[in-house]
Amino acid sequence: MIEFESVTKRFPGGGVGVEDVSLTIPTGKITVFVGPSGCGKTTSLRMINRMLEPSSGRILHDGQDVAKLDKAKLRRGMGYVIQQVGLLPHRTIVDNVCTVPFLLGRSKARARADAVALLERVGLDPVIAKRYPAQLSGGQQQRVGVARALAADPPVMLMDEPFSAVDPIVRESLQDEFLRLQHDLGKTIVFVTHDVDEAVKLGDQVAVFGGGGRLVQVDAPEDLLGRPRNAFVASLIGRDRGYRRLSFVPARDLPSHDVVTVSTDATTREVHETSERTGKSWVLSVDSDGRPVSWLDGRGDGDDLGRVPVGNTFTDDDSCRAALDGALASPAGLAVHVDADGRVVGGVGHDEIARYVTSLRSAEGGTAEDAGQDAAVEADA
Amino acid sequence: MIEFLSVNQGRILGDLEQHLYLSLLPIIIGLVIAIPLGMLAANSRWANAPLLGLSSVTYSIPSLALFIAMPGIIGTKILDPINVVIALSLYTTALLFRSVLDGLRAVPEPVKQASTAMGMRRARQLLTVELPVAIPVVAAGLRVAAVSNISLVSVGALIGVGGLGDLFTYGFQIGSYYYIGSGIVLSVLLALIADVVIVVIQRIATPWTRARAAR
Amino acid sequence: MDEGEGGALMSGLLSFLFTAQNWALTPDGVPARLGEHLLYTAITLVIAFVIAFPVGLLIGHTGRGAFLAINIGNAGRALPTLGLLTLLVLLMALGILPVIIALVILAIPPIMTNTYAGIRSVEPDIVDAARGMGMTELQVLFQAELPAALPVIVGGLRTATLQVVSTATVAAYVALGGLGRFLIDGQDQQDYPQMFAGAVLVALLAILLDVVFVGLRYVAAPGGLAARRKTPTRRAASAS
């Protein structure tokens with residue numbers, strides 16, 4: 001556990017650092033510091049491993065004041081990842097990953113073997129171990145940076161905008177793998193970002209920093225989206241925060257019902273007949289295992305019948321956001337509900353999702369208000 | 001000291017005049033040759049490597065050796081000041097060639113692409129866009145060249161043509177600190193003045209660099 | 001002698017270079033002069049390096065005293081070699097000591113400024129990451145900054161070497177040995193071919209040493225830096 005106790009940092013030039021921040025960072029969880037540039041989030045992070053010293057207040061790591069610990073030793077026990085990675089250009093990838101184990105005096109052969117395994121773990125091909133940083137892409141370098149921070153198996157990881165310098169597609173895959181890794185490792189992670197989507201996606205706890213280096217709100221992401229403490233937080237998390245919040249509403253209780261299906265082998269006539277019999281203009285074709293394939297237009301012509309491939313489906317473990325997305329993307333206005341094996345269980349319409357969310361709102365006494373409204377607006381659009 | 005200066009006014013002023021001539025003329029000659037050579041190297045793959053090699057080799061040759069070798073290479077008289085002028089022009093060219101090349105290469109790619117996209121031809125783009133943008137780098141090279149030329153000229157005194165270097169050899173022969181001391185002070189002062197003059201000219205020629213600094 | 005006929009000079013040069021007596025192992029033969037020249041150069045560089053390198057490292061790592069480093073570099077360039085040499089000899093009497101001091105004074109600025117500039121040019125993110133991983137300040141300097149700065153530092157050594165080789169030639173004027181003797185003696189004896197031959201020998205030595213340094217620069221930049229050099233990053237290097 002890391003605790004900030006009334007920490008203030010002022011810079012000699014008069015620049016705003018951090019103003020009276022008190023905060024508890026729980027062990028084994030991801031705490032995200034988010035806010036606009038110059039809000040003190042990076043300064044706060046850098047005070048944890050004493051890259052900066054507080055002007056007043058103190059920071060405790062497992063009950064010990066970090067100011068009383070040896071700087072170098074403290075840092076070796078905390079993985080450190082920064083936006084520009086900062087790999088040593090004259091060392092191979094494997095030796096870069098081994099930096100901290102080498103500093104700790106561990107056996108070189110052993111450390112290198114561990115490092116290669118770690119490279120695989122962060123999704124890199126071990127052949128790059130012998131290459132130099134300049135020969136890697138930005139995304140690869142960032143993965144090496146994460147591997148390097150993990151190399152000495154520190155209980156704490158400090159990450160300063162680690163995924164901000166890579167393109168959105170790479171960023172998303174880095175985030176997913178990061179979450180998967182954290183699921184296995186359970187590190188205490190402090191993660192700085194200016195991207196609210198990233199904060200909400202990754203954080204178990206999100207700390208919003210505002211102007212003047214003050215901490216504005218610390219909450220679980222869904223509570224942050226549902227109950228922004230003030231206008232600043234509301235504007236930071238954006239207008240579509242209600243829609244985002246659907247990410248935290250489970251889909252398992254949505255009123256899923258039967259959908260009209262036909263076999264992929266069905267002829268055009270059979271499709272037309274099914275459509276006429278049920279009064280549904282779109283029918284879902286499923287393969288022999290019961291997995292959804294595409295939507296077919298019950299009045300369509302020719303072989304292709306206005307075929308639209310089924311996009312996103314949702315399972316009980318997904319969120320209402322995934323379900324709503326599937327419904328909006330479907331020509332039938334229906335999200336396809338599947339089981340863990342991908343077999344069709346049923347479907348739910350976008351209007352039904354909106355109604356369900358609205359009912360939650362009244363049940364929870366207004367906490368889901370924004371979610372319901374935004375979902376309804378999206379659904380009508 | 002003042003007495004020394006007034007008594008030897010004639011000798012010192014004569015040396016100073018020769019020193020100025022021997023060090024500054026090569027700067028002008030070097031600049032005039034280096035600009036087209038740098039532009040050539042920046043635009044032609046085949047000219048680049050040999051010119052770079054040549055400038056590196058030229059710059060590594062000791063100055064006294066070059067002064068002495070000049071008559072052997074171009075058939076001038078050994079005491080002719082032209083030897084020093086030509087040798088220093090070679091150094092200046094070698095050094096400034098490098099600066100012009102570096103300066104042109106440092107022009108930001110978007111600036112070049114924008115000028116091309118606006119329909120500028122290659123020569124016009126070089127002269128009206130890239131060369132002006134390269135001025136600060138070239139001026140930095142010019143400062144180095146001017147300052148080293150001024151200190152190098154005095155070595156020429158060993159072959160009888162050395163401007164203020166004359167005060168060193170003469171002072172050494174008669175064992176006088178005055179001559180050597182005033183030679184050193186004047187030479188350093190001259191270098192300082194030349195340095196400041198180039199900085200001032202550069203500032204006037206590139207007002208945009210100040211605008212950036214002030215922002 | 002004043003009139004230099006190109007052809008006659010060439011044959012004079014060749015006859016000097018191909019006269020066995022000039023290459024004999026006598027105190028005034030080419031090998032002995034070359035040895036003296038290299039000895040002056042080596043002594044000077046070692047002393048200058050021992051002084052300038054740590055100071056450059058310190059200034060580069062802490063960022064303090066950068067103003068000093070830059071000004072020493074500029075002053076070193078403006079100081080006239082011959083004046084410094086003759087002044088020191090007058091002050092200390094003839095001998096190797098004043099010459100070595102003068103040469104050291106000339107060699108310090110390029111080594112110091114390039115060491116400083118090399119360390120400063122290392123990307124701040126690399127230094128930040130190294131420190132953040134728990135390197136001590138000395139480890140940051142020697143494991144992160146110095147290796148990345150090595151090519152620029154070697155560049156400074158190269159400049160210093162060329163200056164010392166060049167100035168060691170002038171040392172003959174104050175009664176020392178080295179290849180400069182052929183220049184000074186030739187001047188005294190009105191023997192231009194000897195002077196010319198001396199000049200050619202010094203130039204060849206300088207070019208040779210320069211080539212050695214070009215090679216050294218590649219060795220100093222192990223794979224990682226060489227790989228990076230392919231991308232157009234600007235040299236943060238010296239005036240040389």
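Each chain gets a letter, A, B and so on, in the order the sequences are listed, and its residues count up from 1.
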- Message: Is it true that, when you exclude Arg203(B) itself, more than 12 heavy atoms of the residues, nucleotides or ligands shown sit nearer than 6.0 Å to its CZ?
- Response: no
- Residues, nucleotides or ligands: over 12 heavy atoms within 6.0 Å of Gln189(C) CD: yes
For [X] and [Y], which heavy atoms make the closest approach, and how far apart are they?
X	Y	result
Pro71(B)	Tyr192(C)	CD-OH, 3.4 Å
Ser60(B)	Ile207(C)	OG-CG1, 3.6 Å
Gly83(C)	Ile180(B)	O-CG2, 3.4 Å
Val174(C)	Phe172(B)	CG1-CZ, 3.5 Å
Ala157(B)	Leu82(C)	CB-CD2, 4.1 Å
Ala203(C)	Ile61(B)	CB-CG2, 3.8 Å

Check whether [X] gets within reach of chain C through its side chain, its backbone, both or neither, counting any heavy atom under 4.5 Å.
X	value
Glu109(B)	neither
Ile68(B)	both
Thr169(B)	both
Leu66(B)	neither
Ala65(B)	both

With a 4.5 Å heavy-atom cut-off, do [X] and [Y] have their side chains touching?
X	Y	result
Leu79(C)	Ile184(B)	yes
Pro80(C)	Leu164(B)	no
Asp210(C)	Val57(B)	no

- Item | Contacts with chain B made by residues 178-187 of chain C (heavy-atom distance under 4.5 Å), listed by residue number | Leu183(C), Ile184(C), Gln187(C)
- Item | Partner chain B: residue of Leu204(C), Thr169(C), Leu91(C) with the largest heavy-atom pair count (under 4.5 Å) | Leu91(C)
- Could you tell me which of Val202(C), Leu87(C), Leu90(C) has the largest number of non-hydrogen atom pairs under 4.5 Å with chain B? Leu90(C)
Within this structure, what is the [atom1]-[atom2] distance for the pair [X] and [Y], rounded to the nearest 0.5 Å?
X	Y	atom1	atom2	result
Thr159(C)	Tyr59(B)	OG1	OH	8.0 Å
Phe168(B)	Thr81(C)	CZ	OG1	9.0 Å
Leu158(B)	Met195(C)	CG	CE	9.0 Å

- Message: Taking side chain as everything from C-beta outward and backbone as N, CA, C, O, which of these in Leu162(C) sits under 4.5 Å from a heavy atom of chain B? Side chain, backbone, both or neither.
- Response: side chain
- Query: So which of Ser63(B), Gly183(B), Ala191(B), Ala69(B) has the biggest tally of heavy-atom pairs under 4.5 Å with chain C?
  - Reply: Ala69(B)
- Can you name the side chain to side chain contact (heavy atoms under 4.5 Å, CB included) partners of Leu20(B), sequence neighbours left out? Leu24(B), Leu190(B)
